[in-house]
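As the structure lists them, so they are numbered: ligands from 1, and atoms in each ligand from 1. This structure is a prediction, so every number in the text was calculated from the model and none was measured.
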Amino acid sequence: MIQVGIIGTGNISRFHLKGYQALENVKVVACCDINGERAQKYAEDHGIEKVFTDYKEMLKLPELDAVSVCTWNNSHAEISIAGLKAGKHVLCEKPLAMNAQQAEEIQKAKEETGKLLMVGFVRRFGANANILKDFIDKDYLGQINYVKAVCRRRCGNPCGWFSDKSRSGGGPLIDLGVHVIDLARYLMGKPKAVTVSGAVFDNIGPELEVKAYNRYNPADPSKECSVEDFATAIIRFDNGAVMHVEASFNEHIKEDVLSVELQGTKAGAMLEPNLVIYSKMEDYLMDLTPKYTIPKDPFEDNFKAETAHFIDCIENGTMCRNPVEDGVELMKILDAVYRSAEQKREVEL
Ligand SMILES: NC(=O)c1ccc[n+]([C@@H]2O[C@H](COP(=O)([O-])OP(=O)(O)OC[C@H]3O[C@@H](n4cnc5c(N)ncnc54)[C@H](O)[C@@H]3O)[C@@H](O)[C@H]2O)c1
């Protein structure tokens with residue numbers, strides 16, 4: 001039995017828990033939250049034996065093999081480093097940290113301890129991403145020149161910790177952009193970013209008064225909003241490819257958009273909402289849509305695949321799909337977008 005602890009018992013932790021509970025060789029034996037009542041209720045609801053309000057106490061449990069870090073972004077680095085140094089394997093939610101410097105400190109701890117540090121880039125485990133990666137690896141797209149990675153919302157800044165820069169590190173770029181930038185870069189074969197030109201806008205605000213529509217349900221609501229509403233960037237990579245990013249909480253647009261589009265020399269592809277490969281056969285323009293089983297709850301399914309992979313890496317030494325260096329590279333890109341926005345010019349990484 002691999003014994004796991006969960007740190008941060010808010011919204012996303014439930015998906016980690018369901019993932020672990022689906023595995024026969026894993027037991028979640030402890031949970032921790034600075035909100036003691038929340039942690040206690042979580043433990044009671046899910047039959048977890050040990051409850052903590054201080055993660056340092058939880059990490060003293062000798063039987064604990066691994067932890068999921070599901071706290072606000074501002075404690076990812078501190079907790080992940082402490083977890084590694086306590087001899088535990090760590091699955092840390094995205095973004096890996098508040099910035100690249102913190103992310104590099106996690107990488108150093110991972111290298112010193114030899115424990116596993118997996119970054120929660122859960123979208124890499126989507127069925128559509130798996131299929132497209134398979135086609136890309138077999139060179140169906142040719143050289144990928146251009147990628148557009150978009151996650152735009154019109155529903156008002158979510159507030160709570162998401163919109164408090166001291167706990168989140170930033171707004172939609174670090175919260176939503178991180179998913180699509182990572183997924184696009186992963187599909188491109190993980191090239192290294194060399195320059196970034198970015199812009200962010202923060203003059204729309206929380207729009208708390210939106211009527212008749214409620215998307216967010218933060219565990220700790222608040223009216224504070226110190227992050228951007230919208231971010232955009234052009235990222236140039238060392239292999240000549242270019243990525244255009246758009247990420248927002250709050251825009252005046254027709255509807256929310258989630259898409260990753262890739263343009264290769266042999267074919268193009270659109271990952272969301274459904275995977276389509278745009279190609280040519282016998283001189284006919286072809287739209288190819290693979291037939292695959294779409295899970296009832298793709299979000300939950302992706303987390304199940306992510307936690308199963310984490311456990312497989314621990315148990316069988318399988319090579320980790322989401323290694324710490326990918327989290328560090330992403331934080332370097334995000335830092336560069338914010339830096340470029342501030343300096344109003346292209347910056348080098
Ligand atoms: N992979 C995804 O698709 C996805 C989706 C949503 C959130 N997330 C990430 O998951 C993390 C948590 O987000 P959430 O939506 O669950 O937030 P949440 O507010 O619902 O839960 C976070 C919990 O962490 C607790 N916490 C904060 N600091 C702590 C500390 N130092 N020690 C112990 N507990 C602490 C809070 O009290 C809260 O209960 C964030 O990093 C977020 O970016 C990932």
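- A tilted orientation is assigned to the rings of F15 and F303, their planes being inclined by 30° to 60°.
- Proximity of F52 to ligand 1, defined as any heavy-atom pair under 4.0 Å, is not found for any part of the residue.
- Hydrophobic clustering places L141 together with Y284 (ILVMFWY residues linked when any side-chain heavy atoms are closer than 4.5 Å, directly or through intermediates).
- For atom 1 (N) of ligand 1, the choice among R123, R38, E93 with the nearest heavy atom turns out to be E93.
- Contact between F162 and ligand 1 is present, with at least one heavy atom of the residue lying under 4.0 Å from the ligand.
- Numbered from 1 in the order shown, with element, the atoms of ligand 1 that lie under 4.0 Å from a heavy atom of S75 read 28 (N), 31 (N).
- Here's the thing with Y55: none of its N/O atoms is less than 3.5 angstrom from an N/O atom of ligand 1.
- Comparing heavy-atom distances from atom 22 (C) of ligand 1 across G36, C92, C70 singles out C70 as nearest.
- Residue contact check for ligand 1: E78 places no non-hydrogen atom closer than 4.0 Å to it.
- By the criterion of a heavy-atom distance under 4.0 Å, both the backbone and the side chain of D33 are placed next to ligand 1.
- Close contacts between ligand 1 and H76 involve ligand atoms 41 (O) [criterion: under 4.0 Å to a heavy atom].
- At a 3.5 angstrom cut-off on N or O pairs, I12 counts as close to ligand 1.
- Within the 4.0 Å heavy-atom shell around ligand 1 one finds F299.
- Ion pairing between a basic and an acidic side chain is recognised when a charged N comes within 4.0 Å of a carboxylate O; K108 and E105 show no such pairing.
- Residue contacts with ligand 1: H179 is included, with a non-hydrogen atom under 4.0 Å away.
- In this structure, V328 and A103 approach most closely via the heavy-atom pair CG2-O, 3.6 Å.
- Taking a cutoff of 4.0 Å between a charged side-chain nitrogen and a carboxylate oxygen, K110 and E325 do not qualify as a salt bridge.
- Around atom 34 (N) of ligand 1, the closest heavy atom drawn from D175, N11, I34 belongs to I34.
- Polar contact check, N35 against ligand 1: no nitrogen or oxygen pair lies under 3.5 Å apart.
- Environment of CD in E348: sparse, with no more than 12 heavy atoms of neighbouring residues, nucleotides or ligands closer than 6.0 Å.
- Contact atoms of ligand 1 toward W161: 13 (O), 17 (O), 18 (P), 19 (O), 40 (C), 42 (C), 43 (O) (distance under 4.0 Å to a heavy atom of the residue).
- At a threshold of 4.0 Å, the pair D182-R123 does not count as salt-bridged, since none of the basic side-chain nitrogens sits closer than that to a carboxylate oxygen.
- Listed for the S163 side chain is no donor-acceptor partner under 3.5 Å among the backbone atoms of C225.
- Geometrically, ligand 1 and T9 share no nitrogen or oxygen pair separated by less than 3.5 Å.
- Residues I234, V242 make up the rest of the hydrophobic cluster containing Y146, defined by ILVMFWY side-chain heavy atoms closer than 4.5 Å, directly or through other members.
- Clustering of Ile, Leu, Val, Met, Phe, Trp and Tyr by side-chain heavy atoms under 4.5 Å joins L116 with I2, V4, I6, L17, Y20, L23, V26, V28, Y42, I48, L91, M118, F125, F310, I311, I314.
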